[in-house]
Trainee: 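Quick one: the structure is below, and I'll ask about it shortly.
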Amino acid sequence: MAETAEEQPITQRKNGLSRGVSDELAENMASGWADTEADLRPIAQADNTAARRAVLSARFPGERLVVPAGNLKTRSNDTEYPFRAATDYAYLTGDLKEDGVLVLEPVAGGHDAVLYRLPRSDKENGEFWLDGQGELWAGRRHSLTEAQALYGLPCRDVRTVTDVLRRADGPVRVVRGHDAGIETALADKITARTDEELRVFLSEMRLVKDEFEVGELQKAVDSTVRGFEDVVKVLDKAEATSERYIEGTFFLRARVEGNDVGYGSICAAGPHATTIHWVRNDGPVRPGDLLLLDAGVETHTLYTADITRTLPINGTFSPVQRKIYDAVYEAQEAGIAAVRPGAKYQDFHHAAQRVLAEKLVEWGLLEGPVERVLELGLQRRWTMTGTGHMLGMDVHDCAVARREAYADGTLEPGMCLTVEPGLYFQPDDLTLPEEYRGIGVRIEDDILVTEDGNRNLSAALPRTSEDVEAWMARLKG
Ligand SMILES: [Mn+2]
């Protein structure tokens with residue numbers, strides 16, 4: 001609960017600011033500040049978030065639904081990790097600040113949505129300047145009136161929410177994993193099973209993107225395309241330093257045009273490209289090797305791109321690099337062609353895997369026939385991963401959707417997924433001829449399912465080996 005001057009001074013703040021504060025200074029700091037209340041317009045997606053809340057409301061009539069934003073997490077001592085709002089909370093409100101809680105209160109005919117949020121800092125009791133998270137230190141927050149205008153929701157002080165929820169009767173569900181305080185307050189009213197149903201429903205809601213979301217995904221992709229161009233332009237600087245130069249270059253674009261990167265950038269030069277989740281990015285960048293760059297800008301509304309290109313660092317593929325690259329390209333073409341409304345979700349995976357299995361048999365790395373290879377999954381020693389995943393606010397979006405709705409489901413217009421086949425020949429794989437070892441290739445694009453097929457949102461980046469070389473020559477020239 002809010003502390004007030006009458007109850008108790010703020011003494012246990014981690015920055016120790018309250019030590020040695022005279023009454024005169026306390027009184028001085030409490031006043032003399034201008035009223036800065038602003039008249040704000042609704043966020044661009046206010047109508048979309050309202051429509052999403054209406055869908056959620058219809059699924060759980062008569063039940064109180066609690067969706068927390070999450071809290072700051074300590075990195076060390078008194079510093080915190082950068083905050084990233086919980087996806088479900090951001091999806092339903094558009095708000096991205098810490099400590100918020102969306103509550104859908106059941107009423108006749110649906111729900112009333114209330115957004116609980118931190119208000120402006122209290123200046124009277126010193127919170128404003130004595131608390132390390134007070135506005136004087138951490139920056140101005142929106143007032144509840146401003147937040148109400150922005151998000152189109154009645155806003156209340158979040159420091160009252162646990163009491164409100166504890167006092168309330170009737171069934172309640174909470175999205176778990178983000179706010180331990182809320183879960184503790186509701187401990188005797190919630191069950192893991194019913195809460196999981198809420199989480200699964202929200203994940204499945206996000207399978208089909210609305211028009212606003214598709215626009216944001218395109219923005220994320222467009223920024224990512226520029227980030228890839230930035231990287232090609234500074235490859236010589238990466239050669240002089242390490243993969244970190246590539247990571248830093250892409251990150252600059254992500255921070256300037258978006259909120260952040262949507263996931264840790266994979267900047268994998270040479271044999272590192274065969275490590276699927278290579279995020280250490282501390283290796284050398286050598287001419288003659290390939291660079292596998294898997295990165296995505298996250299927009300200010302938290303939609304992320306997820307794109308991979310595999311580039312010859314010196315600008316030209318060697319014959320064996322080109323052979324492997326062209327095979328992966330052919331597999332990706334087959335995968336993308338299988339993305340259309342009405343297709344089974346797994347069709348694009350099977351289409352891409354078949355091409356790769358054919359190539360591996362053709363090169364003598366696997367014994368045919370191809371049908372037997374596919375049946376036994378023998379190609380997976382070198383294809384390793386699934387061929388893609390849903391994409392949205394989370395890079396692996398809709399991750400808790402039920403199998404029948406996602407992996408065993410059917411594609412619909414508005415779904416967005418990655419198609420990202422690859423071949424990964426480990427440097428220590430003794431079953432391979434030496435010339436293949438240490439080569440990893442992945443090509444990944446972001447594909448929107450449309451009414452009559454699909455649209456490649458990342459088509460602005462070249463994909464064929466010839467187009468990649470021409471594009472690099474132009475940027476480096
Ligand atoms: Mn991906």
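Since this is a predicted model, take the numbers as computed values, not measurements.
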Trainee: Can a donor-acceptor pair be found between the side chains of Glu216 and Thr301 at a distance below 3.5 Å?
Mentor: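 The answer is yes; a qualifying pair exists.
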
Trainee: For the side chain of Arg167 and the backbone of Thr162, is there at least one donor-acceptor N/O pair under 3.5 Å apart?
Mentor: no

Trainee: Which pair of non-hydrogen atoms, one from Glu183 and one from Val175, has the smallest distance, and what is that distance?
Mentor: OE2-O, 4.5 Å

Trainee: List the atom of Lys189, the atom of Ala168, and the distance in Å for their closest heavy-atom pair.
Mentor: NZ-O, 2.5 Å

Trainee: Does a side-chain heavy-atom distance below 4.5 Å link Glu197 with Val200?
Mentor: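 SC-SC contact between Glu197 and Val200 ruled out.
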
Trainee: Look only at the side chain of Thr49 and the backbone of Ala46, and say whether a donor-acceptor pair between them is shorter than 3.5 Å.
Mentor: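 Indeed, once roles are kept as given, a pair shorter than 3.5 Å links the two residues.
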
Trainee: Would the distance check show the side chain of Arg120 and the main-chain N or O of Leu144 forming a donor-acceptor pair, the cut-off being under 3.5 Å?
Mentor: no

Trainee: Within the side chain of Thr310, is there an N or O that forms a donor-acceptor pair under 3.5 Å with the backbone of Val441?
Mentor: no

Trainee: What do the steps show when you test Leu292 against Ile266 for side-chain contact (heavy atoms from CB on, under 4.5 Å), and what is the final call?
Mentor: CA-CA 7 Å; Leu292 186 155; Ile266 296 167; 4.2 Å; yes

Trainee: Tell me whether the count of non-hydrogen atoms from other residues, nucleotides or ligands lying under 6.0 Å of CZ in Arg244 goes above 12.
Mentor: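 Result for CZ/Arg244: enclosed.
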
Trainee: Flag yes if more than 12 heavy atoms outside Arg176 fall under 6.0 Å of its CZ atom; otherwise flag no.
Mentor: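 More than 12 within 6.0 Å, yes.
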
Trainee: Flag the pair Leu417 / Val449 as yes when at least one side-chain heavy-atom distance between them is below 4.5 Å, and no otherwise.
Mentor: yes

Trainee: Looking at CG of Asp195 and CG of Leu65, how far apart are the two atoms once the value is rounded to the nearest 0.5 Å?
Mentor: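 Between atom CG of Asp195 and atom CG of Leu65 there are 10.0 Å.
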
Trainee: Verify the distance criterion only: is there a donor paired with an acceptor across the side chains of Arg75 and Tyr81 at less than 3.5 Å?
Mentor: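 No.
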
Trainee: Find out whether the Lys NZ or Arg CZ of Arg52 is both under 6.0 angstrom from the six-membered ring centre of Tyr91 and within 45° of the ring's axis.
Mentor: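 Yes, a cation-pi geometry holds between Arg52 and Tyr91.
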
Trainee: To the nearest 0.5 Å, what is the distance between CG on Leu217 and CG on Asp222?
Mentor: 11.0 Å

Trainee: For the residue pair Phe228 and Thr308, what are the closest heavy atoms and their distance?
Mentor: CE2-C, 4.3 Å

Trainee: First locate atom CG of Leu115, then atom CG of Leu150, and finally report the distance between them rounded to the nearest 0.5 Å.
Mentor: 10.0 Å

Trainee: Does the side chain of Pro413 come within less than 4.5 Å of Thr450's, by heavy atoms?
Mentor: no

Trainee: Between Arg206 (side chain only) and Phe201 (backbone N and O only), is there a donor and an acceptor less than 3.5 Å apart?
Mentor: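 Looks like no, no N/O pair under 3.5 Å.
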
Trainee: Could you walk me through whether Thr410 and Tyr345 pass the side-chain contact (heavy atoms from CB on, under 4.5 Å) test, one step at a time?
Mentor: CA-CA 5 Å; Thr410 302; Tyr345 172 79; over 6 Å; no

Trainee: Is it true that a side-chain atom of Glu298 and a backbone atom of Gly258 form a donor plus acceptor pair closer than 3.5 Å?
Mentor: no

Trainee: For the pair Glu80 and Lys73, find out whether any cationic side-chain nitrogen is under 4.0 Å from an anionic carboxylate oxygen.
Mentor: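 Judged by the 4.0 Å cut-off on N to carboxylate O distance, Glu80 and Lys73 do not form a salt bridge.
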
Trainee: To the nearest 0.5 angstrom, please state how far the CG atom of Asp88 sits from the CZ atom of Arg199.
Mentor: 8.5 Å

Trainee: Do Trp129 and Val21 have side-chain heavy atoms sitting under 4.5 Å apart?
Mentor: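 Side-chain contact under 4.5 Å: yes.
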
Trainee: Specify the closest pair of heavy atoms between Ala113 and Leu104, including all atoms of both residues, with the distance to one decimal.
Mentor: CB-CD2, 3.4 Å

Trainee: How long is the gap from CG on Leu423 to CH2 on Trp382, to the nearest 0.5 Å?
Mentor: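 Rounded to the nearest 0.5 Å, the CG-CH2 separation comes to 9.5 Å.
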
Trainee: Output yes when a side-chain donor or acceptor of Arg309 lies under 3.5 Å from a complementary backbone atom of Leu461, and no otherwise.
Mentor: yes

Trainee: So does Glu127 pair up with Arg159, basic N to acidic O under 4.0 Å?
Mentor: yes

Trainee: Identify the heavy atoms of Asp347 and Ala343 that sit nearest to each other, and give their distance.
Mentor: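 Heavy-atom minimum between the residues: OD2-CB, 3.6 Å.
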
Trainee: Strictly below 4.0 Å, N to O, side chains only: are Arg173 and Glu63 in salt-bridge contact?
Mentor: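 Looking at Arg173 and Glu63, the cut-off is met.
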
Trainee: Determine whether Val285 and Glu243 make a side-chain contact, defined as any pair of heavy atoms from C-beta on separated by less than 4.5 Å.
Mentor: yes

Trainee: Determine yes or no for a side-chain-to-main-chain donor-acceptor pair under 3.5 angstrom, with Gln218 supplying the side chain and Leu457 the backbone.
Mentor: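 At least one qualifying donor-acceptor pair exists.
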
Trainee: Out of curiosity, Gln353 CD to Gln346 CD, how far, rounded to the nearest 0.5 Å?
Mentor: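 Answer rounded to 0.5 Å: 11.0 Å.
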
Trainee: Check whether any side-chain heavy atom of Gln379 lies under 4.5 Å from a side-chain heavy atom of Leu356, and answer yes or no.
Mentor: no

Trainee: Any Lys/Arg nitrogen of Glu333 or Arg463 sitting under 4.0 Å from an Asp/Glu carboxylate oxygen of the other?
Mentor: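 Salt bridge present between Glu333 and Arg463.
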
Trainee: A side-chain contact here means heavy atoms from C-beta on lying under 4.5 Å apart; do His111 and Pro106 qualify?
Mentor: yes

Trainee: Evaluate Glu420 against His389 for side chain to side chain donor-acceptor pair (under 3.5 Å), listing each step before the verdict.
Mentor: CA-CA 9 Å; Glu420 50 174 316; His389 51 83; 3.0 Å; yes

Trainee: Taking NZ, NE, NH1 and NH2 as the nitrogens, is one of them in Arg166 or Asp163 under 4.0 Å from a carboxylate oxygen of the other?
Mentor: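 Looking at Asp163 together with Arg166, the answer is yes, because their closest N to O distance falls below 4.0 Å.
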
Trainee: Do the charged groups of Arg84 and Asp260 touch, with an N to O distance under 4.0 Å?
Mentor: no

Trainee: Set out, in order, the CA-CA distance, both residues' side-chain angles and the distance that settles side-chain contact (heavy atoms from CB on, under 4.5 Å) for Leu102 and Arg53, then state yes or no.
Mentor: CA-CA 10 Å; Leu102 172 70; Arg53 292 192 299 271; 4.2 Å; yes

Trainee: For the residue pair Glu24 and Asn28, confirm or rule out a side-chain donor-acceptor distance under 3.5 Å.
Mentor: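 No donor-acceptor contact under 3.5 Å links the two side chains.
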
Trainee: Does Asp99 use its side chain to pair, donor to acceptor, with the backbone of Leu118 at less than 3.5 Å?
Mentor: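 Not at all, since once roles are kept as given, no pair shorter than 3.5 Å links the two residues.
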
Trainee: Please name the residue in the list Lys344, Arg403, Arg402 that meets the salt bridge (Lys or Arg N to Asp or Glu O under 4.0 Å) test with Asp408.
Mentor: Arg403

Trainee: May I ask you to check whether Ser121 and Arg141 show a side-chain donor-acceptor distance below 3.5 Å?
Mentor: yes

Trainee: How about Thr87 and Asp394: does a side-chain donor come under 3.5 Å of a side-chain acceptor?
Mentor: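 Side chains of Thr87 and Asp394: pair found under 3.5 Å.
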
Trainee: Could you check whether Arg140 pairs with Glu146 (Lys NZ or Arg NE/NH1/NH2 to Asp/Glu carboxylate O, under 4.0 Å)?
Mentor: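 Yes, Arg140 and Glu146 are salt-bridged.
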
Trainee: Please determine whether side-chain contact (heavy atoms from CB on, under 4.5 Å) holds for the pair Leu56 and Leu92, giving the CA-CA distance in whole Å, both sets of side-chain angles, and the decisive distance to 0.1 Å.
Mentor: CA-CA 9 Å; Leu56 180 62; Leu92 294 169; 3.7 Å; yes

Trainee: Any side-chain heavy-atom pair from Leu291 and Val231 closer than 4.5 angstrom?
Mentor: yes

Trainee: Considering residues, nucleotides and ligands other than Glu211, do more than 12 of their heavy atoms fall under 6.0 Å from its CD?
Mentor: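 Not buried by this count: 12 neighbours or fewer within 6.0 Å.
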
Trainee: Which heavy-atom pair separates Thr160 from Tyr116 by the least distance, and what is that distance?
Mentor: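 Heavy atoms of Thr160 and Tyr116 come nearest at OG1-CE2, 3.8 Å.
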
Trainee: Has the side chain of Asp306 got a donor or acceptor atom that lies under 3.5 Å from a matching backbone atom of Gly296?
Mentor: no

Trainee: Could you tell me whether the side chains of Asp445 and Ser458 share a donor-acceptor contact shorter than 3.5 Å?
Mentor: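 Yes, a side-chain donor-acceptor pair sits under 3.5 Å.
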
